[in-house]
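All remarks here apply to the structure that follows.
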Amino acid sequence: MVARAHTVAFEGVNARPVEVQCAVTPGLPAFSIVGLPDKAVSEARDRVRTALSALAIALPSKKITVNLAPADLPKVGSHFDLPIALGLLAALDILPRDAVAQTVALGELSLDGDLLPVVGALPAAMAAAEEDRILLCPRASGAEAAWVDACTVIGAGNLLEIVRHFSGDNVLEPSRPGEVTTDPAARDLRDVKGQERAKRALEIAAAGRHHLMMIGPPGAGKSMLAARMPGILPPLPPIEALETSMIHSIAGLLTDGGISRTRPFCEPHHTASMAALIGGGRTAQPGQASLAHNGVLFMDEFPEFPRNVLETLRQPIETGEVVVARANAHIRYPARFLLVAAANPCKCGYLTDPAQACSRAPNCGEDYLGRISGPLMDRFDLRLEVPPVSFTDLDLPATGDSSETVAARVAAARAVQANRFADHDALRTNADAEGQRLEEIATPDDEGRELLTRAADRFGLTARGYHRVLRVARTIADLDESATVRRPHVAEALSYRLLSAKEN
């Protein structure tokens, strides 16, 4: 008789159900695993055999066959160890078959029977909840999986505890959700001397999730400003925290015993490959763009990134997701991030600094920033020139509002947007609005419309640029606690749109 256990196989952030069928039949002694397993899954037979021997359980001298169904779905990872062990114990009538069949299990076995943490416990809990089953996982992974309220999560330290749990000798308590607390406000905006206009742009970007480009000489404070963005962003609401943690769970980044409500901040190096930024590799892992979902993607030295890598950002900026295409699958990862880019005005960095001489001006700056294509530059809502800071300014007292004060204004503006888009699941911030919905919420008054029309004619705004100005103006109005978009809001939005680079 075939014993059945259940586990999952991962496709992106989705966990597909896998049935582990185990049969012990007469024949030559053998232990085979079929169902398109990879090397790590095939090696499970040795780990399972040795772990059972550590519990003084000897496998019979019969033919043992384990089938991972559906057989055409690739099985990758070491988390198949535990479900294979449970199916084998049920086939040997050591564990009750009906109880094992009502459990989704994942975990890696050590040779002495201990359970090691694995990736993907959170998506596995979602899949178990949909099938109305209990999730059995390593204790170290239980805190993240327990965030799924609809699923009972049992965390165990070793295989012996699981055997005693199913036999009723020592029933394990369900795991409780764990939350990792960090201090994003450790870096305060007041640490940045001067740059009040840049701080204002940072606040607008945070309030409406608008993409920001900063251009300035080395040492102007671009990286300092970007590093303080997480301190002014509101904490992740439960739904967004679950979305973000699903991706981090697949990537194996939830190692602190729970999930975090702090928005992610990713800063890939300019030598990063396309697969590192967008996602890919042998198993189509998420890239930095997806790991920054609902958070900040900071790209310093923006023109230094390879041209083909930069162009891959155009799709996720517009759609909020990336598609990693493979011959046998197309994996979709969410990637709704806030892009903050920083660049020097030219190769030497001092094109706009009157105290420094650039022998190749102005061609140096045109060649350097020309590495950023027009369509990609057009996707930045805010473009900002960050002037140099003299050493005498560093001795002046701190000015401007603290990160805590700015964060309160940003949170209030985000709350207004949450109420505004309460009936639209796909819309969360002003940056997401488009079409008729954008016209409803961001149409300026007569004076604002006249100013915007003249600016569009004078500077050659593209249709995308026109709409992005409206979105930014709507966010500025929200920060101003204004129900309508007025001329000052449009004027400020235009100042960030037209200053740094011409429309393409």
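Worth knowing before you read on, the calculation uses all heavy atoms, side chains too, and leaves out hydrogens, waters and symmetry mates. Since the structure is predicted, the reported quantities are computational estimates derived from the model, not experimental observations.
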| message | Looking at Asp457, I want to see if its CG is surrounded by more than 12 non-hydrogen atoms of other residues, nucleotides or ligands under 6.0 Å. | response | yes

| Should the ring pair Phe302 and Phe380 be called parallel, tilted or perpendicular, given that the plane angle runs from 0 to 90° and is split at 30 and 60? | perpendicular

| task | In plain terms, say whether Arg486 and Asp445 are close enough for a salt bridge, that is, a side-chain N and a carboxylate O under 4.0 Å apart. | result | no

| message | Measuring only between side-chain heavy atoms, which start at C-beta, is His467 closer than 4.5 Å to Glu434? | response | no

| query | Does the side chain of Lys75 come within less than 4.5 Å of Thr7's, by heavy atoms? | reply | no

| task | Please answer whether the main-chain N or O of Asp478 pairs with a side-chain N or O of Ser482 as donor and acceptor at a distance below 3.5 Å. | result | no

For residues 143-150, tabulate all N or O donor-acceptor pairs below 3.5 Å that involve a side-chain atom, not counting sequence neighbours.
from	atom 1	to	atom 2	distance (Å)
Glu144	OE1	Leu122	N	3.4
Glu144	OE1	Ser249	OG	2.8
Trp147	NE1	Gly178	O	2.7

| request: Give a yes or no on this: more than 12 heavy atoms of other residues, nucleotides or ligands lie within 6.0 Å of atom CG of Leu36. | output: yes

| side chain to side chain contact (heavy atoms under 4.5 Å, CB included) partner of Ile232, chosen from Asp401, Val406, Thr405, Asp188 | Val406

| field | Arg197/Tyr496 under side chain to side chain contact (heavy atoms under 4.5 Å, CB included): CA gap, chis, key distance, verdict | value | CA-CA 10 Å; Arg197 178 172 169 79; Tyr496 290 115; 3.5 Å; yes

| Would you call Arg371 and Glu304 a salt bridge, taking side-chain N to carboxylate O under 4.0 Å as the test? | yes

| Taking the six-membered ring for Trp, is the centroid-to-centroid distance between Tyr333 and His293 below 6.0 Å? | no

| said: Is it the case that atom CD in Glu440 sees more than 12 heavy atoms from other parts of the structure closer than 6.0 Å? | reply: yes

| message | Working note: Ser260 + Glu179, criterion side chain to side chain donor-acceptor pair (under 3.5 Å); need CA distance, chi angles, decisive distance, verdict. | response | CA-CA 6 Å; Ser260 175; Glu179 182 172 338; over 6 Å; no

| Identified side chain to side chain contact (heavy atoms under 4.5 Å, CB included) counterpart of Leu106 within the set Val18, Val118, Val119 | Val118

| query | So, His270 versus Asp300: side-chain donor-acceptor pair below 3.5 Å or not? | reply | no

| Test item: Leu212 and Leu202 side chains (from C-beta on) under 4.5 Å apart, heavy atoms | yes

| query | Just how far is it from atom CD of Gln285 to atom OG of Ser290, taken to the nearest 0.5 Å? | reply | 11.0 Å

| Flag for Ser402-Glu404: side-chain donor and acceptor within less than 3.5 Å | no

| query | Of the non-hydrogen atoms in Pro444 and Leu470, which two are nearest, and what is the gap between them? | reply | CD-CD2, 3.9 Å

| Check ion pair Glu240-Arg263 (N to O, under 4.0 angstrom) | yes

| query | Do the charged groups of Glu203 and Lys199 touch, with an N to O distance under 4.0 Å? | reply | no

| Thr312 vs Arg314 side-chain heavy atoms within contact, under 4.5 Å | no

| If we only count heavy atoms from C-beta on, is the Arg336 to Pro316 side-chain gap below 4.5 Å? | no

| request: Would you please test His210 and Leu338 for side chain to side chain contact (heavy atoms under 4.5 Å, CB included) and show each step? | output: CA-CA 6 Å; His210 300 293; Leu338 194 169; over 6 Å; no

| request: Scan Arg200, Arg474, Arg487 and name whichever one has a salt bridge (charged side-chain N to carboxylate O under 4.0 Å, His left out) with Glu492. | output: Arg200

| query | Any side-chain donor-acceptor pair under 3.5 Å between Asn14 and Arg332? | reply | no

| Got more than 12 heavy atoms from elsewhere within 6.0 Å of CZ, Arg307? | yes

| message | Check whether Phe337 forms a cation-pi arrangement with Arg209 (NZ or CZ under 6.0 Å from the six-membered ring centre, at most 45° off the ring normal). | response | no

